[in-house]
Protein chains: 2
Amino acid sequence: MNHAPAPLADALPVVDPRQAEILMAVRQAFVEKGFDGASMQDLARAAGMSVGNFYRYFPSKAALIRAMVLLDAEEIRRDFGMIHAAPDPMAALRMGLRERIMGPTCSEDSALWAEIDAAARRTPEVAEAHRLIETEVRGQLVAVFAAATHLPIAEAKCRFSTHAAFLLTLFKAAACVHPGEDVDIAAIRAMIAETIDQRLDEILSSAAPAPD
Amino acid sequence: MNHAPAPLADALPVVDPRQAEILMAVRQAFVEKGFDGASMQDLARAAGMSVGNFYRYFPSKAALIRAMVLLDAEEIRRDFGMIHAAPDPMAALRMGLRERIMGPTCSEDSALWAEIDAAARRTPEVAEAHRLIETEVRGQLVAVFAAATHLPIAEAKCRFSTHAAFLLTLFKAAACVHPGEDVDIAAIRAMIAETIDQRLDEILSSAAPAPD
């Protein structure tokens, strides 16, 4: 089988456990004050550390944001690891996406992602990490599509790269739906999940016969 | 006919011409430095004004962002005015959306919108303007759907509010697709436009018979 892990996966640097712990502690400060609004002092305080000590772990705010993006990339890799290992990876992907989109954590990180998105447009270091994570996700999706359609990775990539990017776009859009008094967020997310399902069906319908 | 302009339209405050001129001049400064990164000094300089004079037009950065959002709302109202006046408003909407999504200006304002999105989460004044504009767009969309299906506004609202919010979400998502070496942005946007078309067809297929 030439399906599972996409080639770029191993290129992603890993965040060490102490850094990961600090990142968790400062998330809220970023959400409240924004990427530009939160000072290194604010962030060190949120982590319960001296500024000097904090700088030893993260020499700049851009380095910190970048590590945060990479930490999310690790979580995504773990999730895709489970999807690839499932008896029916496409069904596992479908279920995983739906659970994430409809579940309570969908909005949770979207404030932070809006910050990272804005920061990526200004800071090359953040943009690079952002680009890495998106390339990783699209590669993993194409690997699942290749397995589901019994197509070689290269052909799946050629045929379904746009589907992968479209799915990623919809997934992010689901997190960004703004609450409003006259907005039924659950209904909008259900429509997004349904749209994703239709595109996955489209991919499955172009499957080659299963090799045996 | 009880179709055209949605009720909330008249609630939107109007931006005066001199303010509009200043807003155009400072856009680029915001895109480059970000909402938090650009100081009032930076913005006054970009507008070629003294800081004191600048403050007479915009007492705070939040007031400025809010005016920027409202200026965009005015443009949107003009666009919808033309759509409502077209012989076939649904066809005009379809074409207008496709042109915007596939056209060269789609990415142009998306950096600014990412900033506004992030700012809206932190600044109530910006959030309120953001909410107004989204409510306006959804209301206008429902009015077009009502005209196209020959349904009363109230019933169209009940049946198609989720469609309207979904379309708005997809439209914003199209602007936010990030360029990347292995990403075919035009293909992704074409898939988004196709998805919008499918949802519009869905609405049309539930049309009541035309009254005569």
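Below, read A as the first sequence line, B as the second, and so on, with proteins coming before strands; counting in each chain starts at 1.
- Each of B/Lys33, B/Met191, B/Gln198, B/Arg199 has some count of heavy-atom pairs under 4.5 Å with chain A, and the biggest count is that of B/Met191.
- Heavy-atom proximity under 4.5 angstrom to chain B picks out A/Gly37 from residues 37-50 of chain A.
- Interatomic distance, B/Arg189 CZ to A/Phe166 CZ, rounded to the nearest 0.5 Å: 13.5 Å.
- Note: B/Leu168 CG to A/Ile188 CD1 = 8.5 Å, rounded to the nearest 0.5 Å.
- Contacts between A/Ser161 and chain B at a heavy-atom distance below 4.5 Å are absent for every atom of the residue.
- A salt bridge (charged side-chain N to carboxylate O under 4.0 Å, His left out) check over residues 157-171 of chain A, counting only residues at least two apart or in different chains, returns the pairs A/Glu155-A/Arg159.
- How far CD1 of A/Ile192 is from OG1 of B/Thr195: 11.0 Å, rounded to the nearest 0.5 Å.
- Annotation: the span from A/Thr169 atom OG1 to B/Leu170 atom CG amounts to 9.5 Å, rounded to 0.5 Å.
- Between the CD1 atom of A/Ile185 and the OG1 atom of B/Thr162 there is a distance of 11.5 Å, given to the nearest 0.5 Å.
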